[in-house]
Amino acid sequence: MTKFKKVLFGLFGSYILVASSLALAQNAPGTDASSQKRHTGQRIHEIYSQLNLTDDQKKQLEANKQQHRAKMQSVRQEIKADKETLKEQLMKSQLDMPKINAIHEQIKSLQNQMEDDKLNSIVAVRAILTPEQYLKFVNLMHKHKEGHDDESSERQR
């Protein structure tokens, strides 16, 4: 077996190990999707009330959130399909490097698109909120993220 194939299989094995570990972590007790959605929904409601949003602002933020989620879900599905195709290509006895590189470039392009969409969503939120509300929003989201990161690291212990 060539050195390249050994490295490739090693990377693929690592990928499988990490993916299965993440899948197990997502299925851990207390991390089901419905409880996470409830928690997130409660947290969003708390943030909205602390920002003293108008009804119009709430509607605009909700529309932005729904639009952003739909885009993200669509792109994530494309990335997932491309990763599966890449996995299939890597498992073939004869590697087609131009095809593998093209799939990899497509995945990177989609990831860049996700980052662009994320920025556009943030800019839209910034346009909806007043400067004071946006500053408070950023601070609240930072605190929420810190708390979420603390919870994640506690679960991993």
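For reference, positions follow the sequence shown, starting with 1. Predicted model, so just to flag it, every value in this text is computed and none were measured.
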Should Leu119 and Met114 be regarded as members of a common hydrophobic cluster, given that ILVMFWY residues are connected when their side-chain heavy atoms come within less than 4.5 Å of each other, either directly or indirectly? no
Identify the heavy atoms of Ile47 and Met141 that sit nearest to each other, and give their distance. CD1-SD, 3.4 Å
For Gln111 versus Ile79, what's the shortest heavy-atom pair and its separation? CG-CD1, 3.9 Å
Residues that Asn112 engages under side chain to side chain contact (heavy atoms under 4.5 Å, CB included), provided they are two or more places apart: none
Please enumerate all residues that pass salt bridge (charged side-chain N to carboxylate O under 4.0 Å, His left out) together with Lys80, with sequence neighbours excluded. none
Using modelled atom types and a 3.5 Å cut-off, is there a donor and acceptor pairing between side-chain atoms of Gln89 and backbone atoms of Asp96? no
What pair of heavy atoms forms the shortest contact from Asn52 to Gln133, and how long is it? O-NE2, 3.4 Å
Which atoms form the tightest heavy-atom contact between Leu110 and Asp82, and what is the distance? CD1-OD2, 3.3 Å
When rounded to the nearest 0.5 angstrom, what is the spacing between CD in Glu78 and NZ in Lys83? 13.0 Å
Give me the atom names and distance for the closest heavy-atom approach of Gln50 to Lys136. O-NZ, 2.9 Å
Run Asn64 and Gln60 through side-chain hydrogen bond (donor to acceptor under 3.5 Å, both in side chains) and show every step you take. CA-CA 6 Å; Asn64 178 60; Gln60 290 177 28; over 6 Å; no
Do His104 and Lys108 pass the side chain to side chain contact (heavy atoms under 4.5 Å, CB included) test, and can you show the C-alpha distance, the side-chain angles, and the key distance before you say yes or no? CA-CA 6 Å; His104 187 244; Lys108 290 192 301 187; 3.7 Å; yes
In this structure, would Val123 and Tyr134 fall into the same cluster of hydrophobic residues linked by side-chain contacts under 4.5 Å? no
Could you work out, with side chain to side chain contact (heavy atoms under 4.5 Å, CB included) as the rule, every residue matching Gln67, not counting sequence neighbours? Lys71
How close do Met72 and Asp117 get, heavy atom to heavy atom, and via which atoms? CE-CB, 3.2 Å
By salt bridge (charged side-chain N to carboxylate O under 4.0 Å, His left out), which residues pair with Glu46, not counting sequence neighbours? Arg43
Members other than Leu135 in its cluster, when Ile, Leu, Val, Met, Phe, Trp, Tyr link by side-chain heavy atoms under 4.5 Å? none
What's the verdict on side chain to side chain contact (heavy atoms under 4.5 Å, CB included) for Glu84 and Lys87, showing C-alpha distance, side-chain angles and the deciding distance? CA-CA 5 Å; Glu84 186 60 34; Lys87 182 176 128 181; 3.9 Å; yes
Holding to side-chain hydrogen bond (donor to acceptor under 3.5 Å, both in side chains), I want the full list of residues that pass it with Lys65, two or more places apart in sequence or in another chain. Glu62
